[in-house]
Amino acid sequence: MNEIAGNTPGRTRRRHFGRPLKVAVLGAGMMGRVHILASRRNDAIVVAVSDPDRSRASILAKSLGGEIGVRTIDQILESRDVDIIHVCTPPETHYAICAEALGRGIHVFAEKPVADTYAEVERLLSLAESRRVLLCPAHQFPFQRGVRRVVERLSGLGDIRHLRVEICTAGGTGQPAPVRQKVLLDILPHPLSMSQALIGPAFDEVRWSVINIAPGELLISGATRRISLSFLLSTLARPTGNYTRIFGSGGTATMDLFHGYGFFETGAVSRFTKATRPFTAAARAFGGATSNGVVRALTRETAFPGMTELIGRFYAAVLGNSESPITESEIRAIARGRDAIIALCEPFDLPVSGASATG
């Protein structure tokens, strides 16, 4: 497989009428399974799965009905029956695979991060444009029902003052310090995409600062002229969780991103609201969690809420029925922010340090 397929004769972007989209999934791990199930829920035909461990790919294919073929990556890239490739391989492989697929005129839906640097992301977007195909990163959190509900009612929070993200992950459990640090850097697109969805154009104005508490433990802060942001990313804190809260002059919204629900708290100030807040907040959280659980059960969304919705919107864009759910400008802005933050995280083995930069 070539690193860049810019000189490979590419297929122009095709319209698909009268048949389902045909997709292939690269990577037979947990995310490969998630992408296959989400693709099927969006009426696509999964024609092939690939993994360096062919037995693992075979086991996944058989567990999902056995009609999925097992091919090598090169066989998938060279085939003419694949419209979209889902990249669920390790992050360090994303850029080369995405470049090869885009260069061959194949649409790409890739796990985050799609590339290591902004410069690489820019090259991928340019390549996609030249081949008239689409590239979409798996930034699924803004497409969760709970988040979309918050975005729709954002004006009810008044002037947005602060956004806070807390992510405690078990992804680095038992791993050495550099690996734990890399886990956090690889998940950075998630809080960045949430910030972009919630504060809109102000995201491009954020100036970032980082406290490197320890490898696998980061405190990231940001600010625009009117809004402050903070991300706590940890491979060490427990229990695991993924929460975003957005604070406004008229109230606060809380989103549980592991489970896909959100709830609002009023900004009204009185002795009564102060005294009853623990109970009203708990009731709203319980109500949001309960209704969300029912919907997820009915739609068979067992994990990674928002993924099926995002993939469905991407497929609609491939079919020419809508615009891509994540625009090129949004992809670029998130990549720039990630670059700025990563630059402040060096060196990984520094116990405590602080720095600042513009995203």
Side-chain angles (χ1 to χ4, degrees), residues 1-8 10 13 26-27 73 77 85-140 142 178-179 181-197 201-210 212 218 220 222 224 229 231 233 314 324-348 350 355-359:
M1 185 176 66
N2 300 323
E3 182 184 8
I4 296 291
N7 295 321
T8 302
R13 182 178 173 187
L26 309 185
I73 290 181
L77 291 170
I85 284 180
H86 286 247
V87 180
C88 305
T89 55
E92 59 271 15
T93 68
H94 290 181
Y95 173 69
I97 293 174
C98 290
E100 187 77 18
L102 294 169
R104 292 175 180 269
I106 304 171
H107 303 281
V108 174
F109 186 89
E111 272 299 322
K112 46 68 179 138
V114 296
D116 284 336
T117 66
Y118 171 79
E120 290 181 347
V121 169
E122 185 63 51
R123 287 196 287 271
L124 291 178
L125 290 172
S126 297
L127 187 56
E129 182 179 10
S130 71
R131 297 303 194 208
R132 298 180 63 200
V133 291
L134 298 177
L135 168 68
C136 184
H139 300 165
Q140 75 269 19
V179 174
Q181 186 80 353
K182 187 177 185 302
V183 166
L184 296 185
L185 301 184
D186 286 345
I187 67 176
L188 260 178
H190 281 327
L192 291 172
S193 64
M194 281 295 296
S195 301
Q196 187 178 63
F203 179 79
D204 292 325
E205 305 172 9
V206 177
R207 291 178 56 86
W208 299 104
S209 62
V210 175
N212 297 274
L218 291 174
I220 301 166
T224 70
L229 305 89
F231 304 163
L233 308 182
F314 178 62
S324 187
I326 302 177
T327 67
E328 292 186 2
S329 62
E330 290 170 339
I331 294 171
R332 289 186 172 97
I334 290 170
R336 282 195 300 268
R338 183 173 180 269
D339 264 14
I341 291 169
I342 288 176
L344 302 175
C345 293
E346 300 286 357
F348 291 166
L350 193 63
S356 63
T358 302

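Note that the structure is predicted; figures quoted are calculated from it, not measured. By convention here, the first residue in the shown sequence is residue 1.
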Exercise. Could you check Ile220 against Leu344 for side chain to side chain contact (heavy atoms under 4.5 Å, CB included), going step by step and ending with a plain yes or no?
Key: CA-CA 10 Å; Ile220 301 166; Leu344 302 175; over 6 Å; no

Quiz item: Nearest 0.5 Å, what's the CD1-CG distance between Ile326 and Leu134?
Solution: 11.5 Å

Practice problem: Supply the atom-to-atom distance Glu328 CD to Cys136 SG, rounded to the nearest 0.5 angstrom. | Solution: 11.5 Å

Exercise. Take Leu188 and Leu218, measure what side chain to side chain contact (heavy atoms under 4.5 Å, CB included) needs, and give me the verdict at the end.
Key: CA-CA 11 Å; Leu188 260 178; Leu218 291 174; 5.8 Å; no

Quiz item: To the nearest 0.5 Å, what is the distance between SG (Cys345) and CG (Leu185)?
Solution: 5.5 Å

Quiz item: Heavy atoms, side chains only, cut-off 4.5 Å: are Ile341 and Leu192 in contact?
Solution: yes

Self-check item: Least distance between heavy atoms, Thr89 atom then His94 atom
Solution: O-NE2, 2.6 Å

Quiz item: Taking only residues two or more places apart in sequence or in another chain, which ones pass salt bridge (Lys or Arg N to Asp or Glu O under 4.0 Å) with Glu129?
Solution: none

Quiz prompt | Residue pair Leu102, Arg131: steps toward the side chain to side chain contact (heavy atoms under 4.5 Å, CB included) verdict | solution = CA-CA 7 Å; Leu102 294 169; Arg131 297 303 194 208; 5.6 Å; no

Run the side-chain donor-acceptor check on residues 110-118: report pairs under 3.5 Å with partners two or more places apart or on a different chain.
residue: Glu111; atom: OE2; partner: His35; partner atom: NE2; Å: 2.7
residue: Thr117; atom: OG1; partner: Glu120; partner atom: N; Å: 3.1
residue: Tyr118; atom: OH; partner: Glu122; partner atom: OE1; Å: 3.0

Self-check item: Ala101 versus Val108, closest heavy-atom pair with distance
Solution: CB-CG2, 3.6 Å

Practice problem: With sequence neighbours excluded, tell me which residues meet side chain to side chain donor-acceptor pair (under 3.5 Å) with Thr327. | Solution: Ser329, Glu330

Quiz item: When rounded to the nearest 0.5 angstrom, what distance separates CG in Leu125 from SG in Cys98?
Solution: 10.5 Å

Quiz item: Do the non-hydrogen side-chain atoms of Leu26 and Thr93 ever get within less than 4.5 Å of each other?
Solution: no

Exercise. State which residues pass ring-ring contact (aromatic ring centres under 6.0 Å, His included) with His190; sequence neighbours excluded, sorted by chain then number.
Key: Phe141

Quiz item: Roughly how far, to the nearest 0.5 Å, is CD1 of Ile97 from CG of Leu124?
Solution: 11.5 Å

Self-check item: side-chain contact (heavy atoms from CB on, under 4.5 Å) against Ala202, all qualifying residues, sequence neighbours excluded
Solution: Ile199, Thr224, Ile227

Quiz item: How about Leu135 and Leu127: do any of their side-chain heavy atoms sit closer than 4.5 Å?
Solution: no

Quiz item: Taking the inter-plane angle between the rings of Phe314 and His107 on a 0 to 90° scale, is it parallel (under 30°), tilted (30 to 60°) or perpendicular (over 60°)?
Solution: perpendicular

Practice problem: Ignoring hydrogens and angles, tell me if any N or O in the side chain of Arg338 forms a donor-acceptor pair with the backbone of Pro189 under 3.5 Å. | Solution: no

Quiz item: Aromatic rings Trp208 and Phe231: how do their planes relate, parallel, tilted or perpendicular, breaks at 30° and 60°?
Solution: tilted

Self-check item: Under the side chain to side chain donor-acceptor pair (under 3.5 Å) test, residues paired with Ser193 that sit two or more places apart
Solution: none

Exercise. Report yes if some heavy atom in the side chain of Arg104 is under 4.5 Å from a heavy atom in the side chain of Val133; otherwise report no.
Key: no

Practice problem: Enter the distance from Asn212:CG to Leu184:CG here, rounded to the nearest 0.5 Å. | Solution: 10.5 Å

